[in-house]
Student: 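Could you have a look at this structure, given as structure tokens, before my questions?
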Amino acid sequence: MTETTRTCVVRRIGADPTSTALLLAGPTALELWPGVRLVGEVGGRVLVEAVLTSVETDGEPVPTAASVRALPPQRTPTSFVTRFAWTGPGLPVTEGTLTLGYAPGADGAPSTSAALALESTGVVGSRVDAPTLSAMAEEFLANLARAAESRNRAA
């Protein structure tokens, strides 16, 4: 039986959830993942190259390919929810959910509570371990926060 690894990361973003969700509706979302580069698109799935710092050859990170399926953000009464999945050679099969909810800002300005949950099957023996998945999730939310907050200040 293959074990499932769960990763959950939460972050406050100093921008409203609607504008933050718009960043996830286009190709920008992939650029926010650390070490990921868009290669192409086939049959509704996006093909990417990911440089994994957890796997090195001669001291250099080794790139790998992955197939990503991402659904556009869905609006619920209280939040925006984005679902996605990825898999690739030597990678765990991973499904993710990003929830962007309204949160009161310290100064009354709009703010977002971002929660990223990943469920990965087959981490043991894969090219990505649990600490690397967690670090990637945290860096993704940090990148999303920077992008949303910079757009928010420019508006």
Side-chain angles (χ1 to χ4, degrees), residues 2-39 41 44-55 61 63-88 90-106 109-153:
T2 305
E3 195 172 309
T4 298
T5 300
R6 289 180 174 76
T7 305
C8 294
V9 179
V10 177
R11 182 179 183 103
R12 178 74 53 121
I13 298 174
D16 70 280
T18 303
S19 62
T20 304
L22 286 174
L23 290 170
L24 303 171
T28 305
L30 281 174
E31 296 169 8
L32 298 173
W33 279 97
V36 172
R37 181 180 67 85
L38 178 65
V39 175
E41 188 173 343
R45 294 184 80 84
V46 177
L47 304 175
V48 298
E49 178 184 73
V51 177
L52 304 174
T53 56
S54 61
V55 180
T64 190
S67 170
V68 180
R69 177 185 47 82
L71 300 174
Q74 298 262 311
R75 186 177 182 118
T76 72
T78 59
S79 62
F80 291 89
V81 178
T82 300
R83 290 182 173 76
F84 56 92
W86 77 73
T87 190
L91 298 177
V93 175
T94 301
E95 293 186 3
T97 303
L98 175 62
T99 304
L100 303 172
Y102 292 92
S111 184
T112 299
S113 174
L116 177 59
L118 303 176
E119 286 197 10
S120 304
T121 305
V123 171
V124 175
S126 78
R127 297 175 69 184
V128 179
D129 57 15
T132 300
L133 279 171
S134 182
M136 289 174 70
E138 287 179 19
E139 191 171 344
F140 170 78
L141 286 186
N143 291 341
L144 178 61
R146 273 191 294 279
E149 289 166 358
S150 70
R151 289 180 93 185
N152 193 46
R153 282 188 290 275

Student: I want to check something: taking the side chain as every heavy atom from C-beta on, are Thr64 and Arg127 in contact at a cut-off of under 4.5 Å?
Tutor: yes
Student: Check for a donor-acceptor pair, side chain of Ser111 on one end and backbone N or O of Ile13 on the other, with a separation under 3.5 Å.
Tutor: yes
Student: To the nearest 0.5 Å, what is the distance between CG on Asp129 and OG1 on Thr5?
Tutor: 9.5 Å
Student: Thr20 side chain to Asp16 main-chain N or O, any donor-acceptor pair under 3.5 Å?
Tutor: yes
Student: Could you please spell out the steps behind the side chain to side chain contact (heavy atoms under 4.5 Å, CB included) verdict for Ser67 and Leu47?
Tutor: CA-CA 5 Å; Ser67 170; Leu47 304 175; 4.2 Å; yes
Student: Can you check whether Arg75 reaches Thr18 side chain to side chain, under 4.5 Å on heavy atoms?
Tutor: yes
Student: Would you say Arg12 and Thr112 are linked by a side-chain donor-acceptor pair, where the criterion is simply a distance under 3.5 Å?
Tutor: no
Student: From Glu31 CD over to Leu38 CG, what is the distance, rounded to the nearest 0.5 angstrom?
Tutor: 8.0 Å
Student: Could you pull out all donor-acceptor pairs under 3.5 Å where a side-chain atom in residues 77-87 meets a protein atom, sequence neighbours excluded?
Tutor:
| from | atom 1 | to | atom 2 | distance (Å) |
| --- | --- | --- | --- | --- |
| Ser79 | OG | Thr76 | OG1 | 2.9 |

Student: Measure across Pro17 and Leu100 and return the closest heavy-atom pair with its distance rounded to 0.1 Å.
Tutor: CB-O, 4.1 Å
Student: Applying ring-ring contact (aromatic ring centres under 6.0 Å, His included) as the test, list every pair that has at least one member in residues 119-139; sequence neighbours left out.
Tutor: none
Student: With side chains defined as the heavy atoms from C-beta onward, is the minimum distance between Thr97 and Leu118 less than 4.5 Å?
Tutor: no
Student: Just to verify, what does Ala115 make a side-chain contact (heavy atoms from CB on, under 4.5 Å) with, not counting sequence neighbours?
Tutor: Val10
Student: Sort and list the pairs that fulfil salt bridge (Lys or Arg N to Asp or Glu O under 4.0 Å) and have at least one residue in residues 113-124, not counting sequence neighbours.
Tutor: Arg6-Glu119
Student: What distance do Leu91 atom CG and Leu133 atom CG have between them, rounded to the nearest 0.5 Å?
Tutor: 9.0 Å
Student: On a heavy-atom basis, which atom in Glu138 and which in Val9 lie closest, and how many Å separate them?
Tutor: CG-CG1, 3.6 Å
Student: Using every non-hydrogen atom in the two residues, find where Ala117 and Cys8 come nearest and quote the distance to one decimal.
Tutor: CB-SG, 4.1 Å
Student: Out of curiosity, Thr132 OG1 to Glu139 CD, how far, rounded to the nearest 0.5 Å?
Tutor: 11.5 Å
Student: Just jot down the side-chain contact (heavy atoms from CB on, under 4.5 Å) partners of Gln74, sequence neighbours excluded, or say none.
Tutor: none
Student: Among pairs that include at least one residue of residues 109-148, which meet ring-ring contact (aromatic ring centres under 6.0 Å, His included), considering only residues two or more places apart or in two chains?
Tutor: Trp33-Phe140
Student: With side chain to side chain contact (heavy atoms under 4.5 Å, CB included) as the criterion, how do Leu98 and Leu144 come out once you've worked through the C-alpha distance, each side chain's angles and the decisive distance to 0.1 Å?
Tutor: CA-CA 11 Å; Leu98 175 62; Leu144 178 61; 4.0 Å; yes
Student: Check step by step if side chain to side chain contact (heavy atoms under 4.5 Å, CB included) holds for Thr94 and Val123.
Tutor: CA-CA 9 Å; Thr94 301; Val123 171; over 6 Å; no
Student: Calculate, to the nearest 0.5 Å, the distance between atoms CZ and CZ belonging to Arg69 and Arg45 respectively.
Tutor: 6.0 Å
Student: Under the 3.5 angstrom rule, does the side chain of Ser120 hit a backbone N or O of Pro92 as a donor-acceptor pair?
Tutor: no
Student: Would a distance-only check, ignoring hydrogens and angles, find a side-chain to backbone donor-acceptor pair under 3.5 Å from Ser134 to Pro131?
Tutor: no
Student: Just verifying a value: how many Å separate Arg146 CZ and Leu23 CG, rounded to the nearest 0.5 Å?
Tutor: 13.0 Å
